[in-house]
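To keep things clear, I will list the structure first and then write my remarks on it.
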Amino acid sequence: MIFIAVKFTALDPEEWLTRLDGFTAATRREPGNLFFDWSHSVENPNQFVLLEAFADAAAGEAHVTSDHFEAAIATMSELVAEVPEIINVEVEGAGWSRMAEVTPRHR
């Protein structure tokens, strides 16, 4: 699995998700996409973190060569305040695993 985390600092946080909504939807429809989720920082209102994963290198390659990726890169370049930070790694597995330390305790 290819796991990617990207930290973006947007010029206008309200415009960020709106302008990237189509990219998000298109990426989630890709056959090799496992997840594609945005988080908004509670400490910095202009910062977003994107967590995404693809089944394998071929799925990752299909993503970065897609028309919607190319269009999103152009849009993001208009909307970022600085160069994003990224973590991009290949890991064993096919998605999320269960966390062993926390289990529900219902009263």
Identify, with sequence neighbours excluded, every residue that meets side chain to side chain donor-acceptor pair (under 3.5 Å) alongside His40.
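Listed in chain order: nothing, the list is empty.
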
Cluster overlap [X] with [Y], hydrophobic side-chain contacts below 4.5 Å:
| X | Y | value |
| --- | --- | --- |
| Ile73 | Ile86 | yes |
| Trp96 | Leu34 | yes |
| Val6 | Val89 | no |
| Val83 | Leu79 | no |
| Val49 | Leu20 | no |

Measure the [atom1]-[atom2] distance between [X] and [Y] for me, rounded to the nearest 0.5 Å.
| X | Y | atom1 | atom2 | result |
| --- | --- | --- | --- | --- |
| Ile4 | Leu50 | CD1 | CG | 8.0 Å |
| His63 | Phe54 | NE2 | CZ | 4.0 Å |
| Gln47 | Trp16 | CD | CH2 | 11.0 Å |
| Phe3 | Glu90 | CZ | CD | 13.5 Å |
| Ser39 | Lys7 | OG | NZ | 12.0 Å |

Counting neighbours of CD on Glu15 that are heavy atoms of other residues, nucleotides or ligands and sit closer than 6.0 Å, is the number greater than 12?
yes

Does Thr27 reach the main-chain N or O of Thr24 with its side chain, forming a donor-acceptor pair under 3.5 Å?
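Checked: no pair found.
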
Can you tell which of Ser41, Pro84, Pro13 makes a side chain to side chain contact (heavy atoms under 4.5 Å, CB included) with Phe48?
Pro13

Centroid separation Phe36 to Phe23 less than 6.0 Å
yes

Salt bridge present between Arg28 and Asp37 (N-O < 4.0 angstrom)
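Counted as a salt bridge, because a side-chain N and a carboxylate O are separated by less than 4.0 Å.
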
When Ile, Leu, Val, Met, Phe, Trp and Tyr are grouped by side-chain heavy atoms lying under 4.5 Å apart, directly or through other members, which residues fall in the same group as Leu11?
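For Leu11, no cluster forms, as it stays isolated from other hydrophobic side chains.
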
Closest approach of His68 to Ala26 (non-hydrogen atoms, all atoms of both residues)
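Scanning both residues completely, I find the closest heavy atoms to be CG-CB, 3.6 Å.
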
